[in-house]
Amino acid sequence: MDFRSSETVVGPRSEDTLPSSAATAVKVVIVGGFGVGKTTLVGAVSEIRPLTTEETMTQAGADVDDIAGVERKTATTVAMDFGRISINDELVLYLFGTPGQQRFWFLWNGLFEGALGAVVLVDTRRLEVSFDVIGRLEERGVPFVVALNSFPESPSYPTEELRAALDLPPEVPIVECDARTRESSRDVLMALMRYLYSLTTPTP
Amino acid sequence: MSGTDHEWDEGNPERLYVITRGRSGLAERTVLDLVTLIVSRSKPQPTMQPEHAAILRLCHSPLSVAEISAYLRLPMSVTTVLLADLLADKRVEARAPVPLAQLPDRALIEAVMHGLQKL
Ligand SMILES: Nc1nc2c(ncn2[C@@H]2O[C@H](COP(=O)(O)OP(=O)(O)O)[C@@H](O)[C@H]2O)c(=O)[nH]1
Ligand SMILES: [Mg+2]
């Protein structure tokens, strides 16, 4: 591939630039299996068209054997979709979607460090991925909420049945969502923020 | 994952090696987060490495490291190496994210809730 001269690098559209007062950014991670709606959710609330960044695998783990092309150092990369919400003139929120399968956990170090919290996006047709993800988040001490993405064929369970199935502590919120709509996706983020807020509240 | 509708340079390790002059980006990752905001402090010079010049153009307004990586179509590891060069030469300013030790911070969460309500 030809080298792109810097003139050909297309940056943000003028309406997508942040004000020069933007001083601090925070991030929230959306984690779940393939096809569960991570990119859809990010796109529903993002003020910019979701972008893609790549992470290169820097450590070979036991779970990487099914990634094709491991013998080529730069081929072991994973794309992450992300979006952005300007909270106010100084504060910006970024949302990163990342796959939940164990073989992608090498991404988590840079991703969860400093993250406010996470949304575990769950498709009730495939709960297995969520088990490992939830266990791993608990291990790392990352606060999270569980969002059930409703697909037409998804079996619907009473929330408490799911809580038991996912072995979730009573305080962890479980919310239903439709990642295709902005309101619903926004409500998921609000649920996470309310939960984070409750964690800051000292018990009376 | 979806969303990759453009070509990345993952198929050309030699090129990435040249861009970073062989540096892995590991050390830089500890300083630069995905959401560290970068702002240019100087104008691109014709003698500069083209990637450095491209970053200075992109960061005319604040831009996160993740966005820079996306627009340059270069992996995070390569992007952070390039940014470390520019930071060392004081050609860009880095606005670090809220340090982990301060989280969760009530005022911060309140601000985010307020911002989300306006969506
Ligand atoms: N019915 C329904 N479909 C959804 C929902 N969220 C996503 N989808 C669809 O599921 C597919 C996969 O979504 P995507 O966001 O790409 O999943 P990702 O792999 O987790 O990023 C897409 O065709 C979406 O339109 C939802 O809440 N309800
Ligand atoms: Mg996706």
Side-chain angles (χ1 to χ4, degrees), chain A residues 1 3-6 9-12 17-20 22-27 34 38-39 45 50-56 58 72-75 77-82 84-88 91-94 96-97 99 110-111 113-114 116-117 143 182 186 189-190 193-194 196-197 199-200, chain B residues 1-4 6-13 15-16 24-26 29 33-37 39 44 50-51 53-54 57-58 60-64 66-67 69-79 95-100 103-106 108-117 119:
Chain A
M1 182 178 184
F3 174 67
R4 275 174 248 96
S5 78
S6 66
V9 171
V10 180
T17 57
L18 290 171
S20 56
T24 308
V26 290
K27 60 188 169 179
F34 278 120
K38 301 180 296 293
T39 305
V45 287
L51 294 168
T52 306
T53 182
E54 268 199 1
E55 281 279 13
T56 313
T58 51
R72 274 179 58 194
K73 216 171 144 203
T74 52
T77 54
V78 178
M80 286 191 293
D81 293 334
F82 66 98
R84 192 183 80 195
I85 300 169
S86 293
I87 296 299
N88 55 43
L91 184 61
V92 191
L93 170 65
Y94 285 91
F96 288 88
L111 200 52
E113 217 159 297
L116 288 180
R182 172 170 277 208
R186 190 259 321 265
L189 297 176
M190 282 299 275
M193 292 308 143
R194 277 195 297 270
L196 294 176
Y197 191 81
L199 297 179
T200 70
Chain B
M1 268 198 280
S2 58
T4 313
H6 53 233
E7 273 185 76
W8 282 74
D9 285 318
E10 58 200 62
N12 190 345
R15 178 176 168 257
L16 296 184
S24 70
L26 269 184
R29 285 309 304 276
D33 191 90
L34 281 159
V35 300
T36 302
L37 296 175
V39 194
E51 292 83 5
R57 276 192 199 91
L58 280 174
H60 174 69
S61 306
L63 216 50
S64 65
E67 282 168 296
S69 154
Y71 289 123
L72 290 180
R73 299 173 191 184
L74 290 171
M76 273 296 289
S77 55
V78 176
T79 305
R95 301 178 180 174
V98 180
L100 186 63
L103 298 174
D105 178 274
R106 279 197 135 186
L108 178 69
I109 304 297
E110 276 172 340
V112 174
M113 287 199 278
H114 192 250
L116 289 174
Q117 251 142 16
L119 264 187

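Residue numbers begin at 1 in each chain, while the letters A, B, ... track the order of the sequences.
For Leu93(A), the part sitting under 4.5 Å from any heavy atom of chain B is the side chain, from C-beta outward, and nothing else. Heavy atoms of Arg194(A) lying under 4.5 Å from chain B belong to its backbone as well as its side chain. For chain A, the nearby part of Leu37(B) is the side chain; its heavy atoms alone come within less than 4.5 Å. For Val39(B), no part sits under 4.5 Å from any heavy atom of chain A, backbone or side chain.
Two residues are said to be in side-chain contact when any heavy atoms from C-beta on lie closer than 4.5 Å; Leu111(A) and Met80(A) meet this criterion. A 4.5 Å side-chain heavy-atom check between Ile85(A) and Arg186(A) finds every atom pair outside the cut-off. Between Glu67(B) and Pro12(A), every side-chain heavy-atom pair lies at or beyond the 4.5 Å cut-off. Within the 4.5 Å cutoff, no side-chain heavy atoms of His114(B) are placed close to those of Asn88(A).
Taking the six-membered ring where the residue is Trp, Phe96(A) and Phe82(A) present parallel rings, their angle staying beneath 30° rather than reaching 60°.
Annotation: maximal heavy-atom pairing with chain A below 4.5 Å, among Pro44(B), Ala66(B), Gly115(B), occurs at Ala66(B).
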